[in-house]
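To keep things clear, I will list the structure first and then write my remarks on it.
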Amino acid sequence: MPEFQTSPGMRDVLPPESARWRRFVRTFDETVSAAGYGQLVPPLLEDIGVFHRVGEATDVVSKEMYDFVDKGERHVALRPEQTASVCRAFVQHRPVTPWKVWYAGPNFRYEKPQRGRYRQFDQVGIEVLGSQDPLLDVEVIALGWRFFQQLGLRQVSLVVNSLGEPDDRAAFVVALRTYFEANLTRLTPESRLTLARNPLRVLDSKRSEDADVIAAAPRIANFHSESARRSLSAVCAGLGALEIPFTVDDRLVRGLDYYRLTTFEFVGRTLDSVQNALGGGGRYDGLVEDLGGPATPGVGFAIGLDRTLLACDDEGVFDAPEERVDVFVIDTTGGMNALLLTDQLRAQGIRTDRAYENRSMKSQMKAADRSGAAIAVIVGPDEVATGTVVVRPLRDGAEQSTVSRSELTDTLRKALS
RNA sequence: GUGGGCGUAGCUCAGUCGGUUAGAGCGUCAGGUUGUGGCCCUGAAGGCCGGGGGUUCGAGUCCCCUCGUUCACCCCA
């Protein structure tokens, strides 16, 4: 074991997997940019108060934050998610609404790592601030759905719910607490602890022993005010019009406290683990106000990169792209010719690599083969003497040829097309 | 934070009942061919057996601690 390794829950992403990550973000960029979303790049670090507004009762904030006091005595934290940063940025810069942004990057939560869960994990997401149109909720959900389609995923389910207006939600929580407390003995010890912190979250228990109690629990739908009902049915109608399949599950409870009205989750059906949520989001109409801004509605989602890629693995889609050069330069005269030729070809937009340390031709040919290049360009003493190079195809049976240096670029262009 | 599994070469793994110098395949490098890759053959480099302590004449092997990793719980993407 080396003396230094990555910290627990942190890891290096090496090629070719890193190329897949880049393609993932690029695909997301293309999907949402085409819908009028601009990229926001918030800092990794924020005043810890920004995240406290996310919900003191959540584990994410209460025990999983990477926080510390910096040299200027500021209490800061690595972001555990990015929605709060987006809202903070909105309050700070006051852009015109609706403000449609997307983001991609790492978040940090101090948890025990396991499959599909790391302490540093990447998400992509979008947020829209300044509109409470339920058809915007539909647009947001649809963009997530279209993104999964772009990746090639088919085994994804969309689950939708509404947590109601704040008053609805509060009344529901009270009813829920009353109900569960009356049935305490039928709850697992774990769920009893959850109940004390946040009764809503008990609905999210995946323990089979809790299933019966939960099935008979009060339903949020019965607490929906007229406006909440109208909003949910507009969302359902919109999704139906777009022919996006979904189910309404009134036990869907999201992990963060700021949600109200529409919530939704994308679930990977191939992931048999409990951790099968690929992404999710919802409406958070009070968050901007909580952060000191004007009352501003908001809606958005975040998608976890790791789990989504695991789902892609399961379905055999969205493989890591092969990264290869077009041309590999072999120089047996010391390396200066390779230096000049690679620089010249790269300037012409031809992807070019070479070998170093003046190794044997055999060794350099092996490196050329490994590089995946379609063509080797060979320079030895004879070529230097005549001002030529050898162009040797590596992938098909074509004959090699000798060309003058001035014709090299054209010859390669023709051969590569 | 809690519990279980696993830590031997760059990677995947053997290693018998505790026994002397720790192995294989793949990969890397070199040679077989002093100007030509893949296939084949030959050779080489590469190990604090995760770390520390203990038991023993003797520990990769047994015991304890620790670190890492993995799976599950909790929670979440």
Side-chain angles (χ1 to χ4, degrees), chain A residues 1-11 14 54-55 57-64 80-83 104-125 144 188-194 197-198 201-202 204-207 209 253-256 265-268 271-281 301-311 328 330-333 355 357 359-384 389-397 399-400 402:
Chain A
M1 284 297 124
E3 184 181 0
F4 296 112
Q5 295 186 70
T6 48
S7 250
M10 312 274 172
R11 78 267 203 225
L14 279 58
V54 169
T58 64
D59 282 13
V60 168
V61 168
S62 63
K63 35 187 242 204
E64 296 172 359
E81 55 118 42
Q82 294 181 64
T83 303
N107 304 320
F108 302 83
R109 293 181 194 173
Y110 195 91
E111 299 178 277
K112 194 90 163 183
Q114 59 184 270
R115 181 178 167 81
R117 189 174 75 186
Y118 300 89
R119 288 180 177 176
Q120 177 179 334
F121 62 100
D122 273 58
Q123 288 183 332
V124 296
T188 57
E190 292 86 356
S191 286
R192 279 178 226 161
L193 287 174
T194 307
R197 287 202 311 275
N198 188 338
R201 205 67 51 70
V202 176
D204 212 18
S205 166
K206 310 290 201 293
R207 287 171 287 274
E209 306 92 294
V253 178
R254 300 277 310 148
L256 303 169
E265 202 162 275
F266 299 105
V267 177
L271 304 178
D272 45 350
S273 162
V274 174
Q275 292 162 122
N276 57 1
L278 304 181
F301 67 70
I303 290 170
L305 189 147
D306 291 297
R307 284 184 199 174
T308 303
L309 288 181
L310 282 177
F328 197 95
I330 289 168
D331 173 10
T332 59
T333 68
E357 300 179 4
R359 291 196 203 275
S360 69
M361 165 146 315
K362 174 174 177 159
S363 170
Q364 294 194 47
M365 282 298 290
K366 280 188 173 186
D369 189 48
R370 251 195 318 255
S371 76
I375 296 171
V377 170
I378 303 171
V379 190
D382 295 352
E383 288 74 28
V384 170
V389 296
V390 170
V391 174
R392 175 174 172 77
L394 295 171
R395 301 294 151 214
D396 51 33
E399 289 291 307
Q400 70 181 43
T402 301

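Keep in mind that what you see is a predicted model, and the values were worked out from it rather than measured.
Note on A:Ser363: a side-chain N or O is less than 4.0 Å away from OP1 or OP2 of B:A30.
Out of B:A77, B:C71, B:U36, the shortest distance to the side chain of A:Gln114 is found at B:C71. Which of B:G35, B:A77, B:U36 sits closest to the side chain of A:Arg392 comes down to B:U36. The side chain of A:Pro381 lies closest to B:G35 when the candidates are B:A72, B:A30, B:G35. Between B:A77, B:C75, B:A30, one nucleotide has an atom nearer to the side chain of A:Arg359 than all others, and that is B:A30. When each of B:C29, B:G1, B:C76 is scored by its nearest atom to the side-chain atoms of A:Lys112, the top-ranked nucleotide is B:G1.
Evaluation of atom-type donor-acceptor distances gives a pair under 3.5 Å for the side chain of A:Lys362 against the base of B:G32. The base of B:A77 is not paired with the side chain of A:Gln82 by any donor and acceptor separated by under 3.5 Å. On a pure distance criterion of 3.5 Å, a polar donor-acceptor pair joins the side chain of A:Gln400 and the base of B:U36. For a distance-only test at 3.5 Å, the side chain of A:Arg201 fails to qualify as a donor-acceptor partner of the base of B:C76. The base of B:C75 lies close enough to the side chain of A:Arg117 for a donor and an acceptor atom to sit less than 3.5 Å apart.
Rounded to whole Å, the separation between the P atoms of B:G4 and B:C63 comes to 15 Å. On the C1' atoms, B:C13 is 14 Å away from B:G27, given to the nearest whole Å. Taking atom C1' on both B:G54 and B:G18, the two are 15 Å apart, rounded to the nearest angstrom. Separating the C1' atom of B:U69 from that of B:G46 is a span of 24 Å, rounded to the nearest Å. Only the P atoms considered, B:C65 is 41 Å distant from B:C26, to the nearest whole Å. Only the P atoms considered, B:U61 is 15 Å distant from B:U55, to the nearest whole Å. The P atoms of B:A24 and B:A9 are separated by 14 Å, rounded to the nearest whole Å. With P as the reference atom, B:U20 and B:U66 are 32 Å apart, rounded to whole Å.
Under the 3.5 Å distance criterion, the side-chain polar atoms of A:Arg117 are matched with a main-chain donor or acceptor of A:Lys112.
By the 6.0 Å and 45° rule, A:Arg119 does not stack over the aromatic ring of A:Phe108.
Note on A:Arg359 versus A:Asp331: no salt bridge recorded, every NZ/NE/NH1/NH2 to OD/OE distance being 4.0 Å or above.
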